[in-house]
Amino acid sequence: MIQELYHISGILLYFSCLCISSCAFLYFFRKRGNYRSNFFLAIFFIAFGMALVRNGLILSGQIEPDNQLTSALWNIMWFGPLFFYYIKLIIYPHYLLRGSDLKHFVLPIAQTLTHIVISIQALMNPEQENTYFKYLYSIEGIIFLLTFFPYIILSFRYIKYATVSEPSQPLWRKKKLLWLKRITKVLFVLAFINSTYVITNFLSKFIFVDELSSLPSYFLFSEFSFSL
């Protein structure tokens, strides 16, 4: 039964990846709205789509969770900054990016480079085992949670400030801010649900020296909560 659920879940994740890739393509070439906010959202979709591909490969049984060759697909540190700048630029389209904005992308770039190096090493030496690799995803998961939630909260504050500071704004802008507020709240709730799995698995791994994700049902629902 669990194996069938894994297979079905893998198919669903592939379908989700196809949908999100289509959204990324549309936003790359979307002429309406601010092209810079569209660009950040498209990159967000691509980063998330790559993570879904990896999860789909794992759930469908094609690779193991600790597969190093697919490490380059896992770039979750980009989610927070990309979503934040999508919100910021859609609210303030005339905002000019500065050198100080680069600090938000230090962790994402570092993660991407690290995972590319791991993938290249695994490709060149497939028999060599990286002893630190099994701890990397758990540590990255905690860092992700510590950075992602502040970006979501900051995005919500930008939306709330724009709503309050512009009482006489046109109806279309009010509707846009309301939609942004709702989707930010939903993203916060879904991220909170997924964080419980990440934190409990982290504590289990470093305190009891055993991963809860080794349990099929736990791993299945943790992947589903992330994908949601």
Side-chain angles (χ1 to χ4, degrees), residues 1-33 37-87 90 108 111-112 115-116 118-119 122 137 140-141 144-145 148 151-152 155 179-180 182-198 201 211-228:
M1 181 63 180
I2 290 293
Q3 292 301 323
E4 292 179 357
L5 286 175
Y6 268 60
H7 183 68
I8 294 172
S9 301
I11 294 174
L12 289 175
L13 290 186
Y14 288 143
F15 178 74
S16 300
C17 181
L18 178 63
C19 292
I20 204 169
S21 300
S22 302
C23 290
F25 179 82
L26 290 173
Y27 269 89
F28 262 129
F29 298 99
R30 190 170 186 253
K31 295 182 179 180
R32 292 183 59 188
S37 64
N38 292 342
F39 175 81
F40 277 104
L41 187 60
I43 299 297
F44 174 86
F45 284 149
I46 290 174
F48 194 80
M50 291 169 63
L52 286 178
V53 169
R54 181 180 175 275
N55 286 1
L57 291 172
I58 294 172
L59 289 176
S60 59
Q62 298 184 49
I63 64 170
E64 294 297 324
D66 58 352
N67 185 282
Q68 298 178 34
L69 284 172
T70 58
S71 179
L73 298 175
W74 192 251
N75 301 289
I76 58 176
M77 297 295 182
W78 288 95
F79 297 169
L82 290 173
F83 183 80
F84 168 69
Y85 276 97
Y86 160 68
I87 294 293
I90 203 172
Q111 184 191 36
T112 299
H115 283 246
I116 289 175
I118 290 173
S119 296
Y137 283 117
E140 284 182 345
F144 167 70
L145 294 178
F148 184 71
Y151 278 117
I152 294 297
S155 299
W179 178 82
L180 292 174
R182 286 176 178 173
I183 207 159
T184 304
K185 285 181 178 179
V186 170
L187 191 59
F188 181 88
V189 172
L190 293 176
F192 181 80
I193 294 172
N194 179 250
S195 67
T196 59
Y197 290 99
V198 176
N201 189 58
E211 283 189 298
L212 286 174
S213 58
S214 60
L215 301 174
S217 57
Y218 181 92
F219 180 73
L220 184 64
F221 286 112
S222 67
E223 294 302 304
F224 260 131
S225 67
F226 172 78
S227 301
L228 282 173

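With rounding to the nearest 0.5 angstrom, the CG atom of L180 is 12.0 Å from the CG atom of L187. Atom CZ of F188 and atom CZ of F148 lie 10.0 Å apart (nearest 0.5 Å). Rounding to the nearest 0.5 angstrom, the gap separating the CG atom in L82 from the CZ atom in F48 is 13.0 Å. The distance from the CG atom of L41 to the CZ atom of R30 is 9.0 Å, given to the nearest 0.5 Å. Atom CD1 of I46 and atom CD1 of I20 lie 9.5 Å apart (nearest 0.5 Å). The line from CD1 of I118 to CD1 of I116 is 10.5 Å long, rounded to the nearest 0.5 Å.
Of all heavy-atom pairs between S37 and I90, the closest is CB-N, 3.8 Å. Across all their heavy atoms, L52 and S16 have their closest contact at CD1-CB, 4.0 Å. Smallest separation of non-hydrogen atoms from I87 and S155: CG2-O, 3.8 Å. For the residue pair L57 and T70, the shortest heavy atom distance occurs at CD1-CG2, 4.2 Å. Pairing each heavy atom of P108 with each of P81, the nearest pair is CG-CG, 4.1 Å. Nearest heavy atom pair, residue A47 against residue N75, reads CB-O, 4.4 Å.
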>> Pair N55, W74 - check side-chain contact (heavy atoms from CB on, under 4.5 Å), show working.
In response: CA-CA 9 Å; N55 286 1; W74 192 251; 3.5 Å; yes

>> Using the rule given for side-chain contact (heavy atoms from CB on, under 4.5 Å), can you reason through H115 versus E140, listing the C-alpha separation, both sets of side-chain angles and the distance that settles it, and then say yes or no?
In response: CA-CA 11 Å; H115 283 246; E140 284 182 345; 2.7 Å; yes

>> The test is side-chain contact (heavy atoms from CB on, under 4.5 Å); show your working for Y151 and F79 and say whether it passes.
In response: CA-CA 9 Å; Y151 278 117; F79 297 169; over 6 Å; no

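Considering only heavy atoms from C-beta on, W78 stays 4.5 Å or farther from F44 through its side chain. The closest side-chain heavy-atom distance from I43 to F39 is below 4.5 Å.
With hydrogens and angles disregarded, no donor-acceptor distance shorter than 3.5 Å links the side chain of N38 to the backbone of L26. Here the side chain of S119 pairs a donor or acceptor atom with the backbone of A72 at under 3.5 angstrom. Looking only at distances, a side-chain donor or acceptor of Q111 sits under 3.5 Å from a matching main-chain atom of M77.
Ring to ring, F29 and F25 are close: their centroids are under 6.0 angstrom apart.
Heavy-atom contacts from other residues, nucleotides or ligands closer than 6.0 Å to CZ of F28 number more than 12.
Ring-plane geometry between F83 and Y86 is classed as tilted, the angle between the planes lying from 30 to 60 degrees on a 0 to 90 degree scale.
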